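Nothing fancy with the numbering, it's 1 onward along the sequence. Keep in mind that this is a model prediction, so the values were computed, not measured.
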Amino acid sequence: MDLESPDPKRIIWMGIAAGAAALTAFAVRKGLEQAWRVATDDDPPDDPSSPDVPWRHAIIWAAATGAIGNIGRLLAQRTTEAGWHRVTGETPPL
């Protein structure tokens, strides 16, 4: 059985992509929390599924985090892929 050695470019790409995703998730979360505080003069719900959180707040928070989180993830992915291509002249080793 011949095991191939891992592609170093793929390992580097995976690290860069994971780092970009983590930074984006952090930034999006902090931005959403701040926007919530500005809009409501209150902290966002820690646990939207809690019975102590009004349905309206739970639904708005879930929709905002889902939509904005996914848009942020898409922007991070496309920006990171474009940066990789600009630096290496190749598409990322997905």
Side-chain angles (χ1 to χ4, degrees):
M1 174 186 266
D2 184 26
L3 297 176
E4 292 182 34
S5 61
D7 179 10
K9 286 184 182 179
R10 182 162 164 64
I11 292 169
I12 293 168
W13 167 251
M14 289 172 58
I16 290 170
L23 286 172
T24 301
F26 178 78
V28 166
R29 179 71 179 208
K30 291 298 176 187
L32 282 170
E33 288 173 354
Q34 187 59 35
W36 183 275
R37 287 184 188 103
V38 167
T40 66
D41 280 335
D42 198 8
D43 289 334
D46 287 329
D47 179 10
S49 66
S50 169
D52 297 332
V53 176
W55 272 103
R56 181 172 165 250
H57 289 180
I59 291 169
I60 291 170
W61 183 248
T65 56
I68 302 301
N70 280 316
I71 291 169
R73 183 181 58 79
L74 174 65
L75 290 172
Q77 184 176 3
R78 293 192 61 162
T79 302
T80 306
E81 288 176 7
W84 178 276
H85 187 268
R86 193 170 33 254
V87 169
T88 67
E90 303 171 352
T91 58
L94 304 175

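Ile60 and Val53 are members of different hydrophobic clusters when ILVMFWY side chains are connected at heavy-atom separations under 4.5 Å.
Remark: Thr80 OG1 to Leu75 CG distance equals 10.0 Å, nearest 0.5 Å. Here the OG1-CD1 distance, from Thr24 to Ile71, works out to 13.0 Å after rounding to the nearest 0.5 Å. Atom-to-atom distance recorded for Asp52:CG and His57:NE2 is 13.5 Å, nearest 0.5 angstrom.
By the ring-ring contact (aromatic ring centres under 6.0 Å, His included) test, Trp13 pairs with Trp84, sequence neighbours left out. Partners of His85 under the ring-ring contact (aromatic ring centres under 6.0 Å, His included) rule, at least two apart in sequence or in another chain, do not exist in this structure.
Across Pro93 and Arg10, no two heavy atoms sit closer than the pair O-NH1, 3.2 Å. Closest non-hydrogen pair, Ala58 versus Pro48, comes out as CB-O, 3.3 Å.
Salt-bridge formation is not detected for the pair Asp42/Arg37: no Lys NZ or Arg NE/NH1/NH2 atom is positioned less than 4.0 Å from an Asp or Glu carboxylate oxygen.
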Could you pull out every donor-acceptor pair under 3.5 Å between side chains of residues 25-33 and any protein atom, sequence neighbours left out?
residue	atom	partner	partner atom	Å
Arg29	NE	Glu33	OE2	3.1

